[in-house]
Amino acid sequence: VTESKALFLQVASDLQAAELVYVEADEATYCQAAAKYQQATEKIVKAVCASVEEKGKATFQNRYTHNLGTLFTVLTLPNLKPLDTVFDASRQTQINSLMQIAPTRSTTLRNTEYPFQDAAGEWQAPATKGVFSKVEVTGYAFLSSQLLTATKAVLAELFP
Amino acid sequence: VWGNEKLAVVGWKGIDIVHYPHYQNQVANFVGFHRQNLAEGVLLALYYASAEAPEDVFLFEVVGPIGEDTVSPDSQMLQVEFASTPDFPLADGGRLHMTITTPAELQAAIAGNWHEVREIRQAVSRQQCQVAYKEEKLEVGEFTQQLLGQEAKVAA
């Protein structure tokens with residue numbers, strides 16, 4: 001199996017895990033589902049880069065970067081059309097926004113994994129009620145599934 | 001602008017071998033395309049030459065917002081290499097090398113004197129580096145000056 005296929009398999013597993021862990025009536029599960037949607041989305045972008053490399057369109061070094069904005073620089077290049085339609089500015093913004101809930105070293109940024117201090121200096125656990133909303137998690141689910149569908153369609157067109 | 005000299009020569013096969021700054025206009029168009037298509041925008045773009053591969057094109061871009069960001073744990077920036085394409089035609093055998101980073105990572109790279117920083121500074125010392133684009137922001141001016149070691153000028 002190629003790296004890109006292995007990544008897409010893991011994406012499918014991440015999305016399935018997100019659906020399994022999500023319980024609408026239990027807000028403590030929202031951060032867990034959000035984490036899986038964030039990881040799935042990041043892997044989709046990396047799977048596309050792996051596909052591009054496997055097809056000999058480009059050679060990457062250090063493409064496992066967490067800075068997806070740097071990868072968008074490559075994926076929107078004219079010689080990789082129509083990938084630019086998948087990663088248009090609007091979707092880049094949505095993905096960048098989702099990536100901001102990934103855990104970092106900061107203790108003041110909301111994330112899916114570790115407690116953080118809010119604007120008032122109060123510690124909040126990601127599982128605390130209200131830290132993540134149903135609307136947000138639903139949006140993350142929509143973004144990741146829509147991105148996966150669009151990506152697979154365009155890759156099939158680009159690399160038949 | 002550094003390095004205005006024309007160094008185009010004719011190779012033994014009669015194929016044009018082109019050196020820096022032959023691709024100046026193509027690079028400008030390329031960077032302009034990125035500026036249109038990236039949600040977070042291009043803050044700085046440098047076109048430079050490498051002594052190891054003088055026939056290749058080297059483009060360094062700083063993208064994304066200024067602020068907190070992740071830094072490569074192995075002190076290496078994202079690098080991508082392309083062969084000639086219809087959108088960026090290169091002389092026979094030439095390659096386009098792109099190095100893409102973020103402001104936070106660039107600051108870490110300058111502080112740690114990463115390989116990419118050393119390569120750009122060597123190109124500057126050979127007068128083979130030019131600013132293809134620079135966002136007019138104070139922070140961008142500061143890290144550009146730290147990287148290049150002198151006041152940067154934008155290519156005409």
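This one's a predicted model, so the numbers in the text were calculated from it and none came from an experiment. Order of the sequence lines fixes the chain letters, A, B, ..., with proteins taken first and strands second; residue numbering starts at 1 for each chain.
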Heavy-atom pair of closest approach, residues A39(B) and A89(A): CB-O, 3.5 Å
T59(A) side chain near R95(B) side chain, heavy-atom distance below 4.5 Å: yes
CZ-CG distance between F82(B) and L77(A), expressed to the nearest 0.5 angstrom: 4.5 Å
Within residues 77-104 of chain A or reaching into it, pairs that qualify as ring pair (Phe, Tyr, Trp, His ring centres under 6.0 Å) - sequence neighbours excluded: F72(A)-F87(A)
Side chain, backbone, both or neither of Q36(B) within contact of chain A (heavy atoms, under 4.5 Å): neither
Any residue of residues 78-85 of chain A which, by heavy atoms, sits under 4.5 Å from chain B: P78(A), N79(A)
Those residues that, when tested against Y48(B), pass ring pair (Phe, Tyr, Trp, His ring centres under 6.0 Å) (two or more places apart): F58(B)
L78(B) and N67(A), any side-chain heavy atoms less than 4.5 Å apart: no
Backbone N/O of Q76(B) and side chain of N62(A): donor-acceptor pair under 3.5 Å: yes
Atom CZ of F159(A): over 12 foreign heavy atoms under 6.0 Å: yes
Any donor-acceptor pair under 3.5 Å from E40(B) side chain to Q92(A) backbone: no
Rounded distance [0.5 Å steps], CG in L38(B) versus CG in D88(A): 12.0 Å
Co-membership, hydrophobic cluster, residues L7(A) and L148(A), 4.5 Å side-chain: no
Verify same cluster id: V31(B), F88(B) (apolar side-chain graph, 4.5 Å): yes
Contact winner vs chain B - V52(A), T93(A), V74(A), heavy-atom pairs under 4.5 Å: V74(A)
Co-membership, hydrophobic cluster, residues Y140(A) and V21(A), 4.5 Å side-chain: no
Partners passing ring pair (Phe, Tyr, Trp, His ring centres under 6.0 Å) against Y22(A) (at least two apart in sequence or in another chain): Y30(A)
Rounded distance (nearest 0.5 Å) linking atom OG1 of T65(A) with atom CD of Q79(B): 12.0 Å
Value rounded to 0.5 Å, distance of OG1 in T99(B) from CD in Q61(A): 8.5 Å
Residue that, paired with T70(A), satisfies side-chain contact (heavy atoms from CB on, under 4.5 Å) out of V80(B), V62(B), T102(B), T101(B): T102(B)
Single-linkage hydrophobic cluster F60(A)~L59(B), side-chain heavy atoms < 4.5 angstrom: yes
F33(B)-L46(B) co-clustered via ILVMFWY side chain contacts under 4.5 Å: no
